[in-house]
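Not measured: the values here are computed from a predicted model.
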Amino acid sequence: MKLGVVGLPNVGKSTLFNAITKAGAQAANYPFCTIEPNEGVVAVADHRLDVLNEMYHPKSLVPAVIKFVDIAGLVRGAYRGEGLGNKFLAHIREVDAIVHVVRCFEDMNIVHVDGSVDPVRDMDTINLELIYADLETIDRRIDKAKKNSKSGDKKYLVEIEFLERIKAHLDDMKPVRSMEMTEDERKAADELFLLTTKPVIYVANISEDEIGTEPEAVKALYEQAAKEGAEAMTVCAKVEEELSELSDEEKAAFLEDLGIGESGLDKLVRASYSLLGLISFLTAGTDEVRAWTITKGTKAPGAAGKIHTDFERGFIRAEVVPYETLVREGSLNACKDKGLVRSEGKDYVVQDGDIIVFRFNV
(Lines give C-alpha, C1' and ligand atoms only; values in the text may rest on other atoms or scores of the structure.)
Protein backbone atom coordinates (compact mmCIF):
# COMPACT_ATOMS: atom_id res chain seq x y z
CA MET A 1 0.00 0.00 0.00
CA LYS A 2 1.40 3.37 -1.02
CA LEU A 3 0.07 6.71 0.24
CA GLY A 4 1.05 10.07 -1.23
CA VAL A 5 1.51 12.95 1.23
CA VAL A 6 0.44 16.13 -0.58
CA GLY A 7 -0.27 19.74 0.23
CA LEU A 8 0.61 23.30 -0.65
CA PRO A 9 4.18 24.44 0.09
CA ASN A 10 5.00 25.19 3.76
CA VAL A 11 2.03 23.40 5.33
CA GLY A 12 4.16 20.96 7.36
CA LYS A 13 4.07 18.15 4.84
CA SER A 14 7.74 17.21 4.96
CA THR A 15 7.83 17.67 8.73
CA LEU A 16 5.01 15.13 9.04
CA PHE A 17 6.76 12.81 6.60
CA ASN A 18 9.94 13.01 8.67
CA ALA A 19 7.96 11.95 11.69
CA ILE A 20 6.32 9.09 9.82
CA THR A 21 9.46 7.58 8.40
CA LYS A 22 12.42 9.24 10.14
CA ALA A 23 13.73 9.49 6.58
CA GLY A 24 15.07 13.02 7.06
CA ALA A 25 13.31 14.61 4.11
CA GLN A 26 14.38 18.23 3.95
CA ALA A 27 11.91 20.61 5.60
CA ALA A 28 12.66 24.20 4.66
CA ASN A 29 10.82 27.52 4.55
CA TYR A 30 10.50 27.81 0.79
CA PRO A 31 8.48 26.05 -1.94
CA PHE A 32 9.78 23.04 -3.87
CA CYS A 33 12.50 21.99 -1.41
CA THR A 34 11.20 18.46 -2.06
CA ILE A 35 11.70 17.93 -5.79
CA GLU A 36 12.01 14.15 -5.96
CA PRO A 37 9.45 12.23 -3.92
CA ASN A 38 10.94 10.79 -0.76
CA GLU A 39 9.69 7.35 0.17
CA GLY A 40 9.61 5.69 3.54
CA VAL A 41 8.06 2.57 5.01
CA VAL A 42 6.34 2.57 8.41
CA ALA A 43 5.10 -0.39 10.43
CA VAL A 44 1.41 -0.70 11.25
CA ALA A 45 1.11 -0.69 15.04
CA ASP A 46 -0.58 -3.95 16.09
CA HIS A 47 -0.70 -5.00 19.74
CA ARG A 48 -1.55 -8.56 18.66
CA LEU A 49 1.99 -9.02 17.35
CA ASP A 50 3.43 -7.99 20.72
CA VAL A 51 1.29 -10.62 22.49
CA LEU A 52 2.19 -13.34 19.97
CA ASN A 53 5.85 -12.37 20.28
CA GLU A 54 5.66 -13.07 24.01
CA MET A 55 3.92 -16.40 23.36
CA TYR A 56 6.26 -17.75 20.68
CA HIS A 57 9.57 -15.85 21.11
CA PRO A 58 10.09 -16.16 17.33
CA LYS A 59 13.35 -15.63 15.46
CA SER A 60 11.70 -12.74 13.60
CA LEU A 61 8.73 -10.45 14.10
CA VAL A 62 7.34 -8.88 10.92
CA PRO A 63 4.55 -6.26 11.09
CA ALA A 64 2.38 -5.11 8.20
CA VAL A 65 3.78 -1.96 6.59
CA ILE A 66 2.59 1.10 4.68
CA LYS A 67 4.73 3.06 2.22
CA PHE A 68 4.44 6.85 2.38
CA VAL A 69 5.61 9.09 -0.45
CA ASP A 70 6.42 12.75 0.27
CA ILE A 71 5.31 14.59 -2.87
CA ALA A 72 6.50 18.16 -3.39
CA GLY A 73 4.08 21.02 -2.76
CA LEU A 74 1.49 21.68 -5.44
CA VAL A 75 0.56 25.23 -6.42
CA ARG A 76 -2.23 26.83 -8.43
CA GLY A 77 -1.75 25.99 -12.11
CA ALA A 78 -0.02 22.64 -11.44
CA TYR A 79 -2.16 20.90 -14.07
CA ARG A 80 -0.67 23.30 -16.65
CA GLY A 81 2.83 22.50 -15.41
CA GLU A 82 3.22 25.44 -13.01
CA GLY A 83 5.76 24.80 -10.24
CA LEU A 84 6.88 21.50 -11.81
CA GLY A 85 3.23 20.47 -11.56
CA ASN A 86 3.23 17.78 -14.26
CA LYS A 87 5.97 15.89 -12.47
CA PHE A 88 4.20 16.08 -9.13
CA LEU A 89 0.85 15.03 -10.59
CA ALA A 90 2.55 11.99 -12.11
CA HIS A 91 3.79 10.99 -8.65
CA ILE A 92 0.25 11.31 -7.24
CA ARG A 93 -1.03 9.06 -10.03
CA GLU A 94 1.17 6.23 -8.72
CA VAL A 95 -0.21 6.12 -5.13
CA ASP A 96 -3.22 4.22 -3.76
CA ALA A 97 -4.56 7.04 -1.58
CA ILE A 98 -3.83 10.67 -0.76
CA VAL A 99 -2.91 12.15 2.62
CA HIS A 100 -3.69 15.83 2.12
CA VAL A 101 -1.93 17.97 4.75
CA VAL A 102 -3.63 21.33 5.31
CA ARG A 103 -2.11 24.17 7.30
CA CYS A 104 -4.30 25.25 10.21
CA PHE A 105 -1.61 27.00 12.31
CA GLU A 106 -0.51 30.63 12.31
CA ASP A 107 3.22 31.39 12.24
CA MET A 108 4.60 34.72 11.07
CA ASN A 109 8.00 33.09 10.48
CA ILE A 110 6.69 30.56 7.97
CA VAL A 111 5.52 32.02 4.69
CA HIS A 112 2.15 30.85 3.30
CA VAL A 113 2.19 30.61 -0.47
CA ASP A 114 -1.16 32.48 -0.66
CA GLY A 115 -0.37 34.99 2.10
CA SER A 116 -2.83 33.77 4.75
CA VAL A 117 -4.12 30.66 6.53
CA ASP A 118 -7.42 29.48 5.01
CA PRO A 119 -7.84 25.68 5.05
CA VAL A 120 -10.94 25.53 2.83
CA ARG A 121 -9.28 27.68 0.16
CA ASP A 122 -6.14 25.52 0.34
CA MET A 123 -8.17 22.30 0.07
CA ASP A 124 -9.96 23.68 -2.97
CA THR A 125 -6.69 24.78 -4.59
CA ILE A 126 -5.31 21.25 -4.72
CA ASN A 127 -8.65 19.57 -5.44
CA LEU A 128 -9.22 21.83 -8.43
CA GLU A 129 -5.76 21.07 -9.79
CA LEU A 130 -6.52 17.35 -9.62
CA ILE A 131 -9.95 17.88 -11.22
CA TYR A 132 -8.46 19.95 -14.07
CA ALA A 133 -5.81 17.28 -14.66
CA ASP A 134 -8.55 14.61 -14.81
CA LEU A 135 -10.59 16.70 -17.25
CA GLU A 136 -7.62 16.76 -19.63
CA THR A 137 -7.31 12.97 -19.30
CA ILE A 138 -11.04 12.43 -19.92
CA ASP A 139 -11.09 14.73 -22.95
CA ARG A 140 -8.29 12.69 -24.52
CA ARG A 141 -10.11 9.43 -23.76
CA ILE A 142 -13.37 10.75 -25.26
CA ASP A 143 -11.57 11.80 -28.47
CA LYS A 144 -9.99 8.35 -28.76
CA ALA A 145 -13.30 6.56 -28.13
CA LYS A 146 -15.05 8.70 -30.77
CA LYS A 147 -12.40 7.81 -33.35
CA ASN A 148 -12.74 4.12 -32.48
CA SER A 149 -16.54 4.31 -32.67
CA LYS A 150 -16.32 4.94 -36.42
CA SER A 151 -15.67 1.20 -36.73
CA GLY A 152 -19.32 0.64 -35.80
CA ASP A 153 -18.52 -1.30 -32.61
CA LYS A 154 -21.25 -0.39 -30.11
CA LYS A 155 -18.93 -0.90 -27.10
CA TYR A 156 -17.29 2.44 -27.95
CA LEU A 157 -20.67 4.19 -27.81
CA VAL A 158 -21.17 2.78 -24.32
CA GLU A 159 -17.65 3.94 -23.38
CA ILE A 160 -18.32 7.44 -24.71
CA GLU A 161 -21.54 7.72 -22.68
CA PHE A 162 -19.68 6.67 -19.51
CA LEU A 163 -16.76 9.03 -20.14
CA GLU A 164 -19.11 11.95 -20.78
CA ARG A 165 -20.89 11.25 -17.47
CA ILE A 166 -17.53 11.46 -15.74
CA LYS A 167 -16.70 14.67 -17.60
CA ALA A 168 -20.00 16.26 -16.52
CA HIS A 169 -19.26 15.34 -12.89
CA LEU A 170 -15.78 16.88 -13.13
CA ASP A 171 -17.20 19.97 -14.85
CA ASP A 172 -19.28 20.47 -11.70
CA MET A 173 -15.94 20.60 -9.82
CA LYS A 174 -16.63 17.29 -8.07
CA PRO A 175 -14.07 14.47 -7.67
CA VAL A 176 -14.83 11.21 -9.47
CA ARG A 177 -14.74 9.30 -6.15
CA SER A 178 -18.00 11.06 -5.19
CA MET A 179 -19.80 9.91 -8.36
CA GLU A 180 -22.50 7.22 -8.16
CA MET A 181 -21.44 4.16 -10.15
CA THR A 182 -22.11 0.46 -10.41
CA GLU A 183 -19.35 -1.93 -9.31
CA ASP A 184 -18.40 -2.58 -12.95
CA GLU A 185 -18.30 1.15 -13.67
CA ARG A 186 -16.11 1.72 -10.61
CA LYS A 187 -13.65 -0.85 -11.94
CA ALA A 188 -13.71 0.84 -15.35
CA ALA A 189 -13.08 4.23 -13.72
CA ASP A 190 -10.11 2.79 -11.81
CA GLU A 191 -8.60 1.68 -15.12
CA LEU A 192 -8.60 5.31 -16.30
CA PHE A 193 -5.95 6.14 -13.65
CA LEU A 194 -7.66 9.38 -12.67
CA LEU A 195 -6.38 11.41 -9.74
CA THR A 196 -9.76 12.15 -8.16
CA THR A 197 -10.78 8.49 -7.91
CA LYS A 198 -8.23 8.08 -5.13
CA PRO A 199 -9.53 8.13 -1.53
CA VAL A 200 -8.38 11.07 0.62
CA ILE A 201 -7.59 11.73 4.27
CA TYR A 202 -7.36 15.41 5.19
CA VAL A 203 -4.85 16.13 7.94
CA ALA A 204 -5.28 19.42 9.83
CA ASN A 205 -1.81 20.47 10.95
CA ILE A 206 -2.02 22.56 14.15
CA SER A 207 0.53 24.20 16.44
CA GLU A 208 1.70 22.68 19.71
CA ASP A 209 -0.24 25.16 21.86
CA GLU A 210 -3.48 24.24 20.04
CA ILE A 211 -3.37 20.55 21.06
CA GLY A 212 -6.56 19.70 22.93
CA THR A 213 -8.45 22.71 21.52
CA GLU A 214 -10.79 23.17 18.54
CA PRO A 215 -9.43 26.02 16.43
CA GLU A 216 -11.85 27.61 13.95
CA ALA A 217 -9.57 26.63 11.07
CA VAL A 218 -9.81 22.96 12.05
CA LYS A 219 -13.61 23.16 12.36
CA ALA A 220 -13.76 24.60 8.83
CA LEU A 221 -11.57 21.77 7.50
CA TYR A 222 -13.75 19.09 9.10
CA GLU A 223 -16.92 20.68 7.72
CA GLN A 224 -15.47 20.79 4.22
CA ALA A 225 -14.24 17.18 4.44
CA ALA A 226 -17.71 16.07 5.58
CA LYS A 227 -19.26 17.74 2.51
CA GLU A 228 -16.93 15.69 0.32
CA GLY A 229 -17.54 12.49 2.29
CA ALA A 230 -13.80 12.35 3.06
CA GLU A 231 -11.91 11.35 6.21
CA ALA A 232 -10.31 14.04 8.39
CA MET A 233 -8.00 14.07 11.40
CA THR A 234 -5.85 16.51 13.37
CA VAL A 235 -2.13 16.31 14.11
CA CYS A 236 0.67 18.59 15.23
CA ALA A 237 3.42 17.64 12.79
CA LYS A 238 6.09 19.31 14.92
CA VAL A 239 5.13 17.27 18.00
CA GLU A 240 4.95 14.08 15.90
CA GLU A 241 8.49 14.74 14.69
CA GLU A 242 9.66 15.16 18.29
CA LEU A 243 7.87 11.93 19.28
CA SER A 244 9.62 10.03 16.49
CA GLU A 245 12.98 10.72 18.14
CA LEU A 246 11.96 9.24 21.52
CA SER A 247 12.17 5.73 22.91
CA ASP A 248 8.89 3.86 23.47
CA GLU A 249 8.99 4.68 27.20
CA GLU A 250 9.75 8.38 26.60
CA LYS A 251 7.06 8.53 23.92
CA ALA A 252 4.43 7.09 26.29
CA ALA A 253 5.36 9.63 28.98
CA PHE A 254 5.26 12.52 26.49
CA LEU A 255 1.83 11.47 25.20
CA GLU A 256 0.57 11.26 28.78
CA ASP A 257 1.88 14.78 29.50
CA LEU A 258 0.07 16.05 26.42
CA GLY A 259 -3.13 14.26 27.45
CA ILE A 260 -3.18 12.22 24.23
CA GLY A 261 -3.94 8.50 24.18
CA GLU A 262 -1.94 7.73 21.04
CA SER A 263 0.20 9.57 18.53
CA GLY A 264 -1.30 11.23 15.49
CA LEU A 265 0.83 8.97 13.33
CA ASP A 266 -0.69 5.82 14.81
CA LYS A 267 -4.13 7.31 14.10
CA LEU A 268 -3.08 8.17 10.55
CA VAL A 269 -1.78 4.67 9.83
CA ARG A 270 -4.94 3.08 11.24
CA ALA A 271 -7.16 5.50 9.29
CA SER A 272 -5.21 4.76 6.10
CA TYR A 273 -5.69 1.03 6.60
CA SER A 274 -9.42 1.55 7.07
CA LEU A 275 -9.67 3.98 4.14
CA LEU A 276 -8.36 1.39 1.70
CA GLY A 277 -10.45 -1.42 3.19
CA LEU A 278 -7.46 -3.40 4.43
CA ILE A 279 -7.18 -5.99 7.20
CA SER A 280 -4.42 -8.25 8.54
CA PHE A 281 -4.32 -11.98 9.01
CA LEU A 282 -1.53 -13.48 11.10
CA THR A 283 0.88 -16.38 10.97
CA ALA A 284 2.60 -17.45 14.18
CA GLY A 285 5.33 -19.87 15.11
CA THR A 286 8.79 -20.12 16.65
CA ASP A 287 10.44 -19.14 13.36
CA GLU A 288 8.28 -16.09 12.61
CA VAL A 289 5.29 -14.09 13.79
CA ARG A 290 3.94 -11.96 10.97
CA ALA A 291 1.02 -9.78 9.91
CA TRP A 292 -0.09 -10.02 6.26
CA THR A 293 -2.08 -7.25 4.60
CA ILE A 294 -5.09 -8.15 2.46
CA THR A 295 -8.23 -6.43 1.22
CA LYS A 296 -11.47 -7.07 3.11
CA GLY A 297 -13.39 -9.83 1.38
CA THR A 298 -10.30 -11.79 0.28
CA LYS A 299 -10.90 -15.54 0.21
CA ALA A 300 -8.51 -18.09 1.70
CA PRO A 301 -6.61 -18.99 -1.52
CA GLY A 302 -5.97 -15.30 -2.24
CA ALA A 303 -4.68 -14.78 1.29
CA ALA A 304 -2.43 -17.83 0.86
CA GLY A 305 -1.05 -16.27 -2.31
CA LYS A 306 0.15 -13.29 -0.28
CA ILE A 307 2.64 -15.64 1.38
CA HIS A 308 3.66 -17.50 -1.78
CA THR A 309 2.08 -18.10 -5.18
CA ASP A 310 2.55 -21.87 -4.66
CA PHE A 311 0.30 -21.67 -1.59
CA GLU A 312 -2.51 -20.29 -3.73
CA ARG A 313 -1.90 -22.57 -6.71
CA GLY A 314 -1.88 -25.74 -4.61
CA PHE A 315 -4.35 -24.62 -1.93
CA ILE A 316 -6.01 -27.49 -0.06
CA ARG A 317 -7.42 -25.87 3.07
CA ALA A 318 -6.82 -23.21 5.71
CA GLU A 319 -6.62 -24.12 9.39
CA VAL A 320 -8.01 -21.08 11.16
CA VAL A 321 -8.25 -19.91 14.77
CA PRO A 322 -9.22 -16.36 15.80
CA TYR A 323 -6.50 -14.39 17.61
CA GLU A 324 -8.63 -13.96 20.75
CA THR A 325 -9.23 -17.73 20.96
CA LEU A 326 -5.52 -18.56 20.63
CA VAL A 327 -4.56 -16.08 23.33
CA ARG A 328 -7.29 -17.34 25.65
CA GLU A 329 -6.29 -20.99 25.24
CA GLY A 330 -2.55 -20.31 25.35
CA SER A 331 -1.37 -22.36 22.35
CA LEU A 332 -2.41 -23.74 18.97
CA ASN A 333 -2.23 -27.30 20.33
CA ALA A 334 -4.63 -26.39 23.15
CA CYS A 335 -7.03 -24.96 20.55
CA LYS A 336 -6.77 -28.18 18.51
CA ASP A 337 -7.42 -30.33 21.57
CA LYS A 338 -10.66 -28.43 22.20
CA GLY A 339 -11.73 -28.53 18.55
CA LEU A 340 -11.39 -24.76 18.19
CA VAL A 341 -9.27 -24.81 15.02
CA ARG A 342 -11.55 -24.65 11.98
CA SER A 343 -10.78 -26.26 8.62
CA GLU A 344 -11.87 -23.82 5.90
CA GLY A 345 -12.05 -24.28 2.14
CA LYS A 346 -11.65 -22.12 -0.94
CA ASP A 347 -14.77 -20.03 -0.31
CA TYR A 348 -13.79 -18.93 3.20
CA VAL A 349 -13.52 -15.14 3.54
CA VAL A 350 -10.54 -14.32 5.77
CA GLN A 351 -11.30 -12.13 8.80
CA ASP A 352 -9.11 -9.55 10.51
CA GLY A 353 -7.00 -11.24 13.18
CA ASP A 354 -7.39 -14.77 11.84
CA ILE A 355 -4.34 -16.88 12.64
CA ILE A 356 -3.92 -19.28 9.74
CA VAL A 357 -1.91 -22.34 8.76
CA PHE A 358 -2.28 -23.05 5.04
CA ARG A 359 -2.18 -26.60 3.73
CA PHE A 360 -1.20 -26.93 0.07
CA ASN A 361 0.17 -29.37 -2.48
CA VAL A 362 2.02 -28.40 -5.64
Side-chain angles (χ1 to χ4, degrees), residues 1 41-67 96 183 231 247-249 251-252 255-256 260-263 265-362:
M1 179 172 64
V41 175
V42 61
V44 177
D46 192 335
H47 75 280
R48 298 174 300 196
L49 291 183
D50 298 329
V51 174
L52 293 173
N53 189 45
E54 288 298 314
M55 290 177 65
Y56 285 94
H57 302 288
K59 295 173 185 175
S60 64
L61 182 69
V62 185
V65 296
I66 296 177
K67 181 179 283 187
D96 299 304
E183 189 173 334
E231 299 281 335
S247 67
D248 289 344
E249 294 77 13
K251 180 179 174 181
L255 289 171
E256 187 176 347
I260 303 172
E262 64 178 332
S263 74
L265 299 184
D266 287 341
K267 291 179 183 176
L268 175 58
V269 170
R270 193 174 67 249
S272 302
Y273 228 58
S274 174
L275 184 71
L276 291 173
L278 302 176
I279 60 172
S280 294
F281 73 90
L282 310 167
T283 52
T286 54
D287 284 336
E288 180 183 80
V289 167
R290 183 165 183 164
W292 302 86
T293 301
I294 56 172
T295 305
K296 285 180 184 176
T298 299
K299 293 184 178 180
K306 281 287 182 180
I307 300 175
H308 198 287
T309 53
D310 284 350
F311 283 31
E312 182 172 12
R313 188 158 54 93
F315 178 87
I316 299 172
R317 68 180 182 276
E319 296 175 0
V320 182
V321 60
Y323 162 81
E324 293 81 3
T325 303
L326 178 69
V327 172
R328 185 186 71 233
E329 299 301 327
S331 71
L332 189 60
N333 284 336
C335 292
K336 287 180 178 178
D337 290 344
K338 294 185 178 182
L340 299 173
V341 178
R342 307 190 312 271
S343 181
E344 301 286 1
K346 292 183 177 181
D347 291 330
Y348 176 68
V349 176
V350 175
Q351 302 299 305
D352 185 53
D354 276 351
I355 295 173
I356 306 179
V357 176
F358 291 106
R359 301 300 180 189
F360 68 102
N361 182 31
V362 177

Side-chain donor-acceptor contacts of residues 332-343 below 3.5 Å, not counting sequence neighbours, with atom names and distances?
| unit_1 | atom_1 | unit_2 | atom_2 | d |
| --- | --- | --- | --- | --- |
| Lys338 | NZ | Glu329 | OE1 | 2.7 |
| Arg342 | NE | Glu344 | OE2 | 2.8 |
| Arg342 | NH2 | Tyr348 | OH | 2.9 |

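- For the residue pair Leu275 and Glu231, the shortest heavy atom distance occurs at CD1-CG, 3.7 Å.
- Nearest heavy-atom pair, Ile356 versus Ala318, reported as atom, atom and distance to 0.1 Å: CG2-CB, 3.8 Å.
- The line from CG of Leu49 to CZ of Arg290 is 11.0 Å long, rounded to the nearest 0.5 Å.
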Considering only distance and modelled atom types, tabulate donor-acceptor pairs under 3.5 Å from the side chains of residues 279-288, sequence neighbours left out.
| unit_1 | atom_1 | unit_2 | atom_2 | d |
| --- | --- | --- | --- | --- |
| Ser280 | OG | Tyr273 | OH | 2.7 |
| Thr283 | OG1 | Trp292 | NE1 | 2.9 |
| Asp287 | OD1 | Lys59 | NZ | 3.4 |

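- Between the Glu319 side chain and the Arg317 main chain, no donor and acceptor come within less than 3.5 Å of each other.
- Nearest heavy atom pair, residue Thr293 against residue Ala64, reads OG1-CB, 3.3 Å.
- Between Asp266 and Lys251, the shortest heavy-atom contact is OD2-NZ, 4.1 Å.
- With contacts defined as side-chain heavy-atom distances shorter than 4.5 Å, the pair Leu265/Val42 does not qualify.
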Please walk me through it: do Val320 and Gln351 pass side-chain contact (heavy atoms from CB on, under 4.5 Å)?
CA-CA 10 Å; Val320 182; Gln351 302 299 305; over 6 Å; no

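- Val289 and Pro58 make their closest contact through CG2-CG, 3.6 Å (heavy atoms, listed as atom of the first residue, atom of the second, distance).
- Within the structure, salt bridge (Lys or Arg N to Asp or Glu O under 4.0 Å) contacts touching residues 43-58 (residues at least two apart or in different chains) are Asp46-Arg48, Arg48-Asp352.
- Applying the side chain to side chain contact (heavy atoms under 4.5 Å, CB included) rule to Arg270 yields the partners Glu262, Lys267; only residues at least two apart in sequence or on another chain are considered.
- Partners of Tyr323 by ring-ring contact (aromatic ring centres under 6.0 Å, His included), not counting sequence neighbours: none found.
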Using the side-chain contact (heavy atoms from CB on, under 4.5 Å) rule, take Thr295 and Leu278 through it: C-alpha gap first, then chi angles, then the decisive distance, then the call.
CA-CA 4 Å; Thr295 305; Leu278 302 176; 4.0 Å; yes

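- In this structure, Pro301 and Lys346 approach most closely via the heavy-atom pair CD-O, 3.3 Å.
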Derivation of the side-chain contact (heavy atoms from CB on, under 4.5 Å) call for Ser272 and Leu268:
CA-CA 6 Å; Ser272 302; Leu268 175 58; 3.9 Å; yes

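- Residue pairs that meet the ring pair (Phe, Tyr, Trp, His ring centres under 6.0 Å) test with at least one member in residues 303-322, sequence neighbours left out, are Phe311-Phe360.
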